[in-house]
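To keep things clear, I will list the structure first and then write my remarks on it.
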Amino acid sequence: MNDSAHPVQDTDQRLTDLEIKASYADDLLDTLNALVARQQEQIDLLLREVSRLRQRGGDDGQSAGPRDPRDELPPHY
């Protein structure tokens, strides 16, 4: 009769292991979902910033007139 009890214990252990793995997978999914949501917020913010900079640079997104090469020098010059 011990032989008949062993498969039940093995099945219970396998079921417990699967439940643990499912729990970790759910936690990982929640973590990744939050990460993707934060990244989307950052992307949206960056897109708004790029749009604002383009508007400030001119109507067509380019600065009007020729550029002064001195404006291109790093600040330590």
For this session: I would like to know whether Arg52 and Arg48 meet side-chain contact (heavy atoms from CB on, under 4.5 Å); could you show each step before the answer?
Result: CA-CA 6 Å; Arg52 186 183 63 80; Arg48 286 192 302 270; over 6 Å; no
How far does [atom1] of [X] sit from [atom2] of [Y], to the nearest 0.5 angstrom?
| X | Y | atom1 | atom2 | answer |
| --- | --- | --- | --- | --- |
| Leu32 | Asp27 | CG | CG | 9.5 Å |
| Asp17 | Asp12 | CG | CG | 11.0 Å |
| Arg38 | Glu41 | CZ | CD | 8.5 Å |
| Glu49 | Asp44 | CD | CG | 13.5 Å |
| Lys21 | Leu28 | NZ | CG | 14.5 Å |

For this session: Applying side-chain contact (heavy atoms from CB on, under 4.5 Å), run through Ser23 and Glu19 and close with a yes or a no.
Result: CA-CA 6 Å; Ser23 176; Glu19 288 173 341; over 6 Å; no
